[in-house]
**Q** 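Take this structure first; my questions come after.
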Amino acid sequence: MAMDLYELLSRLEARYEVGSWWPSSSAFEVMVGAILTQQTNWRNVERALQLIREGPGLDVHAIASTPLEELEGMVRPAGFYRQKAARLKWIAGYLVEMHQGDPEGILGKDVEDARKELLSLPGVGKETADSILLFAGGRPKFVAAAYTSRILSRTGVLDSTDYDEIQEFVESWLPRNTAVLSGLYARMVVLAKEHCLSTPRCGGCPLSDGCAFNRR
DNA sequence: ACCCAGGTGGCCC
DNA sequence: GGGCCACATGGG
């Protein structure tokens with residue numbers, strides 16, 4: 001019953017077409033989206049992003065100089081709006097002060113240095129840092145999100161909820177290639193949204209014969 | 001009236 | 001180092 005990682009990847013690739021994935025046009029926009037989407041549906045993130053676009057714009061200097069209360073109003077639909085707004089403003093200010101407002105000042109560094117610097121920012125944990133490295137920096141990092149952990153364990157590929165363990169497992173078995181790792185992550189999110197895998201309580205979906213995903 | 005969403009940080013032992 | 005908890009809006 002249990003499949004391995006290669007089998008899972010090939011089934012996902014056969015089922016879903018995913019191009020370059022994260023819906024954004026700039027590195028800073030990826031960073032903003034990565035913060036806003038924490039524990040939040042992307043639909044709500046889009047609402048907040050749109051309010052920011054209509055206001056100061058998704059621009060480092062603009063965000064850095066937007067009054068906090070104003071930013072909170074735009075972030076509100078994405079939830080946790082007080083902390084998210086404060087963190088976004090802090091990060092924008094940091095980029096202005098330390099890197100002339102250019103995210104490349106971080107992303108252009110050696111991967112591990114860039115990761116450490118991202119992790120030092122408020123509101124940036126492992127998953128957010130790796131999302132930014134992968135989708136804004138084009139670095140071959142696997143993002144071990146809640147969805148990926150669920151899918152890996154329910155398909156019998158890897159039973160773990162430990163971030164580092166999941167990431168190391170995937171990165172050690174697959175080529176360290178940005179397109180492969182971003183494609184896998186993106187397809188897992190699409191799968192999760194389509195199936196009961198998106199809920200923590202669903203049991204047998206990927207393991208049952210009736211599950212669409214299991215039927216090739 | 002629940003439960004859930006592409007987590008993080010702070011506090012406790 | 002692990003186990004809780006607050007953070008908050010919008011949808012099913």
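Since the structure is predicted, the reported quantities are computational estimates derived from the model, not experimental observations. Each chain gets a letter, A, B and so on, in the order its sequence line appears, and its residues count up from 1.
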**Q** Using the salt bridge (charged side-chain N to carboxylate O under 4.0 Å, His left out) criterion, which residues pair with A:Lys84? Sequence neighbours excluded.
**A**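 Counting only residues at least two positions away or on another chain, A:Lys84 forms no salt bridge (charged side-chain N to carboxylate O under 4.0 Å, His left out).
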
**Q** Quick one: what's the B/S/- string for nucleotides 7-13 of chain B, heavy-atom cutoff under 4.0 Å, read 5' to 3'?
**A** BSS----

**Q** Residues in salt bridge (charged side-chain N to carboxylate O under 4.0 Å, His left out) with A:Arg43, at least two apart?
**A**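 With neighbours one apart ignored, the set is empty.
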
**Q** So where does chain A start and stop touching DNA chain C, 5' to 3', when the test is distance under 4.0 Å to a non-hydrogen atom?
**A**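 From 5' to 3', the first and last contacting nucleotides are C:dC7 to C:dG11.
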
**Q** Just the rounded figure in Å: distance from C1' of B:dA5 to NZ of A:Lys193.
**A**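 To the nearest whole Å, that distance equals 9 Å.
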
**Q** Just checking, is any N or O donor in the side chain of A:Arg53 or A:Gln50 under 3.5 Å from an acceptor N or O on the other one?
**A**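 A donor-acceptor contact under 3.5 Å links the two side chains.
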
**Q** C:dA8 and B:dA1: how far apart are their P atoms, nearest whole angstrom?
**A**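 Nearest-Å result for C:dA8 against B:dA1 at atom P: 23 Å.
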
**Q** Find which nucleotide of DNA chain C each of A:Asp162 and A:Arg47 is nearest to by heavy atoms, and output the residue with the more 5' nucleotide.
**A**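 It is A:Asp162, whose closest nucleotide lies nearer the 5' terminus.
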
**Q** Using only atom types and a distance under 3.5 Å, with no angle test, would you say the side chain of A:Tyr16 pairs donor to acceptor with the backbone of A:Gly183?
**A**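 The answer is no, because no donor-acceptor pair under 3.5 Å joins these two groups.
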
**Q** Quick one: which residue pairs count as a side-chain hydrogen bond (donor to acceptor under 3.5 Å, both in side chains) with a foot in residues 124-140 of chain A, not counting sequence neighbours?
**A**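 Qualifying pairs, neighbours excluded: A:Gln38-A:Thr128, A:Arg115-A:Asp130, A:Lys126-A:Asp164, A:Asp130-A:Tyr163, A:Asp130-A:Gln167.
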
**Q** Measuring only between side-chain heavy atoms, which start at C-beta, is A:Val32 closer than 4.5 Å to A:Glu29?
**A**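 Side chain of A:Val32 against side chain of A:Glu29, heavy atoms only: no contact under 4.5 Å found.
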
**Q** For a quick test of reading the model, state the closest non-hydrogen atom pair linking A:Glu7 to A:Met3 and the distance between them.
**A**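 Result for this residue pair: CG-CB, 3.5 Å.
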
**Q** Would you say A:Arg150 reaches B:dA5's phosphate, i.e. side-chain N/O to OP1/OP2 under 4.0 Å?
**A**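 The answer is yes; a side-chain N or O of A:Arg150 sits under 4.0 Å from OP1 or OP2.
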
**Q** Check residues 87-98 of chain A and write down every donor-acceptor pair under 3.5 Å in which the side-chain atom is one partner and the other belongs to a residue at least two apart or another chain.
**A**
from, atom 1, to, atom 2, distance (Å)
A:Arg87, NH1, A:Gln83, OE1, 2.9
A:Arg87, NH2, A:Gln83, OE1, 3.3
A:Lys89, NZ, A:Ala64, O, 2.8
A:Lys89, NZ, A:Thr66, O, 3.0
A:Tyr94, OH, A:Glu117, OE2, 2.6

